[in-house]
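What follows is a short report on a single structure.
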Amino acid sequence: MVRQKVQAPKGVSEYFPPRSKLFEFVRESLIAPARSAGYQLMELPVFEDTELFTRGVGESTDVVSKEMYTFTDRGDRSITLRPEGTAGAMRAVIEHSLDRGALPVKIWYSGAYFRAERPQAGRYRQFYQVGIEAIGLDDPAIDAEVIAIADAGFKAIGLKKYRLEITSLGDAQSRAAHRIDLMKFIATLELDEATAARAALNPLRLFDDKREEIRAAMLKAPLLMEYLSDASRAHFESVKGYLDALGILYVLNPRMVRGLDYYTGTTFEFVHELLGAQSGIGGGGRYDGLMHELGGQELSGIGFGLGVDRALLAAEAEGVISVDGFVSDLFIIPLGDSAMVKALGLAMQLRNAGKVVEIAFGERALKGAMKAADKSGARYVVVLGDNEIATKSVELKNMNSGVSTSVTIDSLINAL
RNA sequence: GUGGACGUAGCUCAGCUGGUAGAGCACCCGGUUGUGGUCCGGGAUGUCGCGGGUUCGAGCCCCGUCGUUCACCCCA
């Protein structure tokens with residue numbers, strides 16, 4: 001009787017060989033620029049007190065109102081699997097008083113996030129992000145640097161067909177003034193119930209509606225950009241100036257809407273052209289009120305989250321990465337028991353020297369072992385038998401050219 | 001959460017108007033003594049996603065369910 005197979009939960013992304021190698025490459029590419037800019041790792045829990053998100057991300061957001069994985073733990077606490085990274089990062093900064101030291105606090109993190117949405121290509125219930133946060137600095141130059149770091153990550157992967165959209169959501173006063181006029185405007189539109197309800201929660205959301213009639217109607221809506229205070233405007237102009245100087249291309253999108261309520265001021269999004277509906281590969285911005293909202297000091301902050309799954313999908317769509325190249329440097333084929341002992345020792349020795357070394361295990365004919373070596377993607381192969389052990393030298397075979405050269409076992413490390 | 005499409009060997013898929021499943025690739029073994037990739041020969045593999053129904057009989061029809069996918073909502 002065959003047992004029922006256990007399947008992975010709906011909508012999770014999983015990576016295994018050979019594609020996991022690409023995932024690894026993409027994630028590392030996205031992290032590296034942050035490390036190079038002096039950001040340091042923060043490893044955070046994947047679950048948090050639910051209140052962190054209702055308070056931090058905002059109850060009016062879809063993320064909080066209908067996409068959170070929330071459950072009660074054995075101590076009757078309401079726990080939520082993190083739907084995004086910034087709120088947790090701020091919580092940790094406050095809790096461990098990192099903001100009492102030198103500013104800005106610059107951290108990066110990478111891990112899994114969870115949202116209970118209907119899965120779709122590039123939209124998973126568990127997905128991976130790389131993020132950074134820079135806390136405690138208002139300088140527009142750091143806005144530009146944060147954006148540049150994200151851009152550098154995408155470029156390191158080899159992505160080309162994406163664009164950077166930026167806008168400014170201004171400060172609280174700017175937004176309040178705009179909101180009044182926007183509400184008035186929306187009141188003149190004829191909207192279905194669901195849309196009207198959405199507009200009531202956050203009128204900016206209508207700017208992001210994909211239906212043509214709504215888009216057309218919203219063309220005449222008042223734009224937040226026109227309501228920016230002098231300080232917000234100056235800050236944004238400065239950010240743009242730095243981006244120009246860095247040669248980072250961007251398009252202004254005054255209609256950009258973000259799904260998280262904490263964004264203020266500079267806000268940005270990276271959109272890929274080949275990804276269909278789920279085209280955002282990264283986004284971020286300032287969140288100048290978040291630290292205070294979560295019980296910390298009144299410190300500003302800026303950061304981003306980059307989608308590893310989507311960046312990988314984008315890279316595949318552009319055809320810029322593929323699984324080829326060698327997996328290991330050397331494949332050792334031992335013939336017989338004493339050769340195996342020798343092979344295990346030699347492998348460890350070479351591994352300690354930084355080489356990737358595999359061994360042919362199991363009772364196989366030499367031909368079978370050679371095939372295994374071929375499939376393993378090893379660069380070189382060495383057969384280790386009694387002759388080799390006696391003469392202390394091996395035939396080092398280059399699997400690409402098929403050419404063998406004789407080397408002593410001791411000098412093997414130099415030949416690889 | 002809403003709507004559409006799909007679900008056959010590890011993978012990509014074929015299977016005509018219902019008669020108890022096939023191809024290519026991959027995989028394993030062999031082509032005589034210690035060297036892979038080509039070639040040749042041989043081989044294993046499917047409760048046709050799952051459950052129910054209609055029928056003498058269902059991979060093909062109906063219902064449900066799970067999953068995938070595309071779009072909406074939303075977002076990484």
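Protein chains get the first letters and strands the later ones, always in sequence-line order, with residue 1 at the start of each. The structure displayed is predicted, hence computed values, not measured ones.
In this structure, the OH atom of A:Tyr124 is 6 Å from the P atom of B:U69, given to the nearest Å.
When the salt bridge (Lys or Arg N to Asp or Glu O under 4.0 Å) test is applied to A:Arg215, no partner is found at least two apart in sequence or on another chain. Under the ring pair (Phe, Tyr, Trp, His ring centres under 6.0 Å) criterion, A:Phe268 pairs with no residue, sequence neighbours left out. In this structure, the salt bridge (Lys or Arg N to Asp or Glu O under 4.0 Å) partners of A:Glu117, at least two apart in sequence or on a different chain, are A:Arg123. Legend: residues meeting side-chain hydrogen bond (donor to acceptor under 3.5 Å, both in side chains) with A:Glu269, ordered by chain and number and at least two apart, are A:Arg258. Remark: A:Arg255 pairs with no residue by the salt bridge (Lys or Arg N to Asp or Glu O under 4.0 Å) rule, at least two apart or across chains.
RNA chain B is contacted by both A:Tyr128 and A:Gly11; A:Gly11 maps to the nucleotide lying nearer its 5′ end (nearest heavy atom per residue).
Considering only side-chain N and O atoms, A:Arg123 lies nowhere under 4.0 angstrom from the phosphate OP1 or OP2 of B:A71.
Note on residues 341-351 of chain A: no pairs pass side chain to side chain donor-acceptor pair (under 3.5 Å), not counting sequence neighbours. Contacts classified as side chain to side chain donor-acceptor pair (under 3.5 Å) and involving residues 80-91 of chain A (residues at least two apart or in different chains) are given here: A:Glu48-A:Arg91, A:Thr50-A:Thr80, A:Thr70-A:Thr80, A:Glu84-A:Tyr262, A:Thr86-A:Glu133, A:Thr86-A:Tyr262, A:Arg91-A:Glu95.
A salt bridge links A:Asp143 with A:Arg286: the closest approach of a Lys/Arg side-chain nitrogen to an acidic carboxylate oxygen falls below 4.0 angstrom. Ion pairing between A:Lys397 and A:Asp374 fails under the 4.0 Å rule for side-chain N and carboxylate O.
If you take atom P in B:C56 and the same atom in B:G18, they sit 16 Å apart, rounded to whole Å. On the C1' atoms, B:C48 is 12 Å away from B:G22, given to the nearest whole Å. Across the P atoms, B:G43 and B:G59 are found 27 Å apart, a figure rounded to whole Å. Straight-line distance between the C1' atoms of B:U45 and B:C11: roughly 13 Å, to the nearest whole Å.
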Hey, can you pull the donor-acceptor pairs under 3.5 Å for the side chains in residues 151-158 of chain A, sequence neighbours left out?
{"residue": "A:Asp151", "atom": "OD1", "partner": "A:Tyr162", "partner atom": "OH", "Å": "2.6"}
{"residue": "A:Asp151", "atom": "OD2", "partner": "A:Lys155", "partner atom": "NZ", "Å": "2.3"}

Please tabulate, one pair per line, all N/O donor-acceptor pairs under 3.5 Å involving side-chain atoms of residues 29-47 of chain A, not counting sequence neighbours.
{"residue": "A:Ser29", "atom": "OG", "partner": "A:Phe25", "partner atom": "O", "Å": "2.7"}
{"residue": "A:Ser36", "atom": "OG", "partner": "A:Ala32", "partner atom": "O", "Å": "3.1"}

Between the protein and nucleotides 35-45 of chain B, which nitrogen or oxygen pairs are less than 3.5 angstrom apart?
{"residue": "B:U35", "atom": "O2'", "partner": "A:Lys397", "partner atom": "NZ", "Å": "2.7"}
{"residue": "B:G36", "atom": "O2'", "partner": "A:Asp374", "partner atom": "OD2", "Å": "3.4"}
{"residue": "B:G36", "atom": "N7", "partner": "A:Lys397", "partner atom": "NZ", "Å": "2.8"}
{"residue": "B:G36", "atom": "N1", "partner": "A:Met399", "partner atom": "O", "Å": "2.6"}
{"residue": "B:G36", "atom": "N2", "partner": "A:Asp374", "partner atom": "OD1", "Å": "2.8"}
{"residue": "B:G36", "atom": "N2", "partner": "A:Met399", "partner atom": "O", "Å": "2.9"}
{"residue": "B:G36", "atom": "N3", "partner": "A:Asp374", "partner atom": "OD1", "Å": "3.3"}
{"residue": "B:G37", "atom": "O4'", "partner": "A:Asp374", "partner atom": "OD2", "Å": "3.3"}
{"residue": "B:G37", "atom": "N2", "partner": "A:Asn400", "partner atom": "O", "Å": "3.3"}

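Within the nucleic acid shown, A:Arg115 comes within 4.0 Å of at least one base atom, counting heavy atoms only. Nucleic acid contact for A:Glu117: base, since at least one base atom lies under 4.0 Å from a heavy atom of the residue.
Of the residues in residues 54-69 of chain A, those with a non-hydrogen atom less than 4.0 angstrom from any atom of RNA chain B are A:Asp62, A:Lys66, A:Glu67. Contacts between residues 270-291 of chain A and RNA chain B, defined by a heavy-atom separation under 4.0 Å, are made by A:Gly276, A:Ala277, A:Gln278, A:Gly280, A:Ile281, A:Gly282.
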